[in-house]
Number of protein chains: 2
Amino acid sequence: MLNEENKNQIAIFKALADPVRLEIIKYLKEAKEEVTCGEVGKATNISKTSGSYHFKLLQSAGLINARKDAREKYVSLNKSTFDEYITNFYENI
Amino acid sequence: MLNEENKNQIAIFKALADPVRLEIIKYLKEAKEEVTCGEVGKATNISKTSGSYHFKLLQSAGLINARKDAREKYVSLNKSTFDEYITNFYENI
DNA sequence: CGAATAGTTCAAAATATTTTGAACTATTTC
DNA sequence: GAAATAGTTCAAAATATTTTGAACTATTCG
């Protein structure tokens with residue numbers, strides 16, 4: 001049976017196991033600083049609605065940081081989650 | 001758009017994004033040497049049929065090595081795939 | 001104020017993944 | 001050779017994920 005930590009792990013792998021979200025992540029890595037959801041959405045060609053769904057999922061997996069400023073939402077990668085759950089995955093299994 | 005390498009990456013994350021397969025992987029990591037599908041299936045409590053499905057998927061993602069010897073199939077982790085696609089994921093994005 | 005912009009929410013439809021059981025192949029044991 | 005064992009294949013059913021469009025909230029601009 002799987003514990004709490006394993007559930008996070010699975011949520012994270014699920015979040016990464018999708019072409020749309022992988023493109024978002026690539027874009028955010030290149031961007032280096034926080035950018036708006038709209039900017040990412042335009043660059044990766046996804047609808048507002050679909051973007052909203054994917055950003056939410058990435059956020060709830062802890063892979064991105066998000067901050068709402070008035071009309072806009074700024075997002076950036078949360079590197080510590082990548083370090084802890086992906087880079088160190090094998091050794092921590 | 002995503003290239004060939006990205007498709008492998010997604011197949012690998014998909015393979016890891018499942019509780020049954022994560023249990024199989026844990027078992028295989030502990031085992032240290034190759035074991036039969038039957039042994040893993042008993043230990044993790046999955047049906048033959050379901051096991052067959054999951055082992056095939058792990059194999060096609062390159063996460064396990066498999067070798068059939070007469071009636072039995074021996075499986076073990078393919079560490080190089082973990083190293084290349086998981087441990088080094090962030091830096092390679 | 002009214003229109004435009006950025007993003008969210010909801011429910012339905014479309015797709016993809018997983019589980020199941022029955023029937024099957026191949027090998028081993030009695 | 002018959003029965004048991006290890007695993008595979010197939011199609012159907014069950015579940016889970018993703019996309020879509022319409023309606024919505026909140027903010028900004030003229």
Side-chain angles (χ1 to χ4, degrees), chain A residues 1-2 6-28 31 33-76, chain B residues 1-2 6-28 31 33-76:
Chain A
M1 275 304 101
L2 299 173
N6 293 145
K7 288 186 199 160
N8 294 342
Q9 185 71 71
I10 289 172
I12 289 163
F13 281 134
K14 278 194 176 161
L16 294 169
D18 176 87
V20 172
R21 292 188 294 268
L22 223 42
E23 289 218 80
I24 291 173
I25 286 168
K26 273 172 190 250
Y27 189 88
L28 292 180
E33 48 172 11
E34 61 176 11
V35 292
T36 64
C37 290
E39 175 178 335
V40 184
K42 268 164 203 150
T44 59
N45 228 63
I46 57 183
S47 70
K48 271 190 329 176
T49 314
S50 169
S52 189
Y53 168 74
H54 289 294
F55 286 115
K56 194 179 188 176
L57 202 147
L58 286 168
Q59 192 179 350
S60 82
L63 290 165
I64 63 174
N65 303 116
R67 163 176 89 79
K68 187 119 190 195
D69 179 8
R71 274 195 306 191
E72 300 176 298
K73 186 173 174 180
Y74 289 89
V75 291
S76 60
Chain B
M1 273 306 99
L2 300 173
N6 294 146
K7 288 186 199 158
N8 294 342
Q9 186 71 71
I10 289 172
I12 289 162
F13 281 134
K14 279 195 175 158
L16 294 170
D18 176 88
V20 172
R21 292 188 294 269
L22 222 44
E23 289 218 80
I24 291 173
I25 287 169
K26 274 172 189 252
Y27 190 89
L28 293 179
E33 50 172 9
E34 61 176 12
V35 292
T36 64
C37 290
E39 175 179 335
V40 183
K42 268 165 204 151
T44 59
N45 227 63
I46 56 183
S47 71
K48 268 189 334 174
T49 313
S50 169
S52 189
Y53 168 74
H54 290 294
F55 285 115
K56 194 180 190 176
L57 202 147
L58 286 168
Q59 194 180 348
S60 81
L63 290 165
I64 63 172
N65 303 116
R67 163 177 88 78
K68 186 119 191 194
D69 180 9
R71 274 195 305 191
E72 299 176 298
K73 186 174 174 179
Y74 289 89
V75 291
S76 59

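The structure presented is a predicted model; accordingly, all values stated were derived computationally and were not measured. All values below come from the heavy atoms of this structure, side chains included, with hydrogens, waters and symmetry mates left out.
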Applying side chain to side chain contact (heavy atoms under 4.5 Å, CB included), can you list everything that pairs with [X], at least two apart in sequence or on another chain?
X: A/Ser60; result: none
X: A/Ala11; result: none
X: A/Leu57; result: A/Ala15, A/Arg21, A/Tyr53

Length of the [atom1]-[atom2] vector between [X] and [N], whole Å:
X: B/Asp18; N: C/dT17; atom1: CG; atom2: C1'; result: 9 Å
X: A/Ile46; N: C/dG7; atom1: CD1; atom2: C1'; result: 12 Å
X: A/Lys14; N: C/dA16; atom1: NZ; atom2: C1'; result: 12 Å
X: A/Glu72; N: C/dA4; atom1: CD; atom2: C1'; result: 13 Å
X: A/Asn45; N: D/dT20; atom1: CG; atom2: C1'; result: 15 Å
X: B/Lys7; N: C/dA16; atom1: NZ; atom2: C1'; result: 17 Å
X: B/Glu23; N: C/dT18; atom1: CD; atom2: P; result: 15 Å
X: A/Tyr74; N: C/dG7; atom1: OH; atom2: P; result: 9 Å

- Item | Under 4.0 angstrom between A/Ser50 side-chain N/O and D/dT19 OP1 or OP2 |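 Indeed, a polar side-chain atom of A/Ser50 lies that close.
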- A/Val75 to A/Cys37 - nearest heavy-atom pair and separation: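 Here A/Val75 and A/Cys37 meet closest at CG1-SG, 3.9 Å.
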- Just compare C/dT8, D/dT17, D/dT20 and give me whichever is closest to any side-chain atom of A/Lys68.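 Closest nucleotide among those given: C/dT8.
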- Message: From C-beta outward on A/Lys73, which listed nucleotide comes closest to its side chain: C/dT18, D/dT17, C/dT8?
- Response: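 Taking heavy atoms from C-beta onward, the closest nucleotide is C/dT8.
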Could you tell me the separation between the [atom1] atom of [X] and the [atom2] atom of [Y], rounded to the nearest 0.5 Å?
X: B/Leu16; Y: B/Leu63; atom1: CG; atom2: CG; result: 5.0 Å
X: A/Asn6; Y: A/Ile12; atom1: CG; atom2: CD1; result: 11.0 Å
X: B/Lys68; Y: B/Thr36; atom1: NZ; atom2: OG1; result: 11.5 Å
X: B/Gln59; Y: B/Lys73; atom1: CD; atom2: NZ; result: 4.5 Å
X: A/Phe55; Y: A/Ile24; atom1: CZ; atom2: CD1; result: 4.0 Å

- Message: Holding to side chain to side chain donor-acceptor pair (under 3.5 Å), I want the full list of residues that pass it with B/Lys14, two or more places apart in sequence or in another chain.
- Response: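 By the side chain to side chain donor-acceptor pair (under 3.5 Å) rule, B/Lys14 matches no residue at all.
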Distance-only donor-acceptor hits, side chain of residues 39-48 of chain A, under 3.5 Å, sequence neighbours excluded:
residue : atom : partner : partner atom : Å
A/Glu39 : OE2  : A/Tyr27 : OH           : 2.6
A/Thr44 : OG1  : A/Val40 : O            : 2.8
A/Ser47 : OG   : A/Ser50 : N            : 3.1

Protein-nucleic acid N or O pairs under 3.5 Å, nucleotides 23-27 of chain C:
none

- May I ask you to list the residues of residues 51-67 of chain A, by number, that have any heavy atom positioned under 4.0 Å from an atom of DNA chain C?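 By residue number: A/Ser52, A/Lys56.
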- Who pairs with B/Glu34 by salt bridge (charged side-chain N to carboxylate O under 4.0 Å, His left out), at least two apart in sequence or on another chain?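 With sequence neighbours excluded, B/Glu34 shows a salt bridge (charged side-chain N to carboxylate O under 4.0 Å, His left out) to B/Arg67, given in chain and number order.
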- Contiguous Watson-Crick or G-U pair runs (3 or more, under 3.5 Å) in DNA chain D: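 Stems for DNA chain D, defined as runs of 3 or more consecutive pairs: C:1-30 with D:1-30.
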- Message: Within the 4.0 Å heavy-atom criterion, would you say B/Thr36 contacts the bases, only the backbone, or no part of the nucleic acid?
- Response: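 Sugar-phosphate: the residue B/Thr36, judged by heavy atoms under 4.0 Å, touches backbone atoms but no base.
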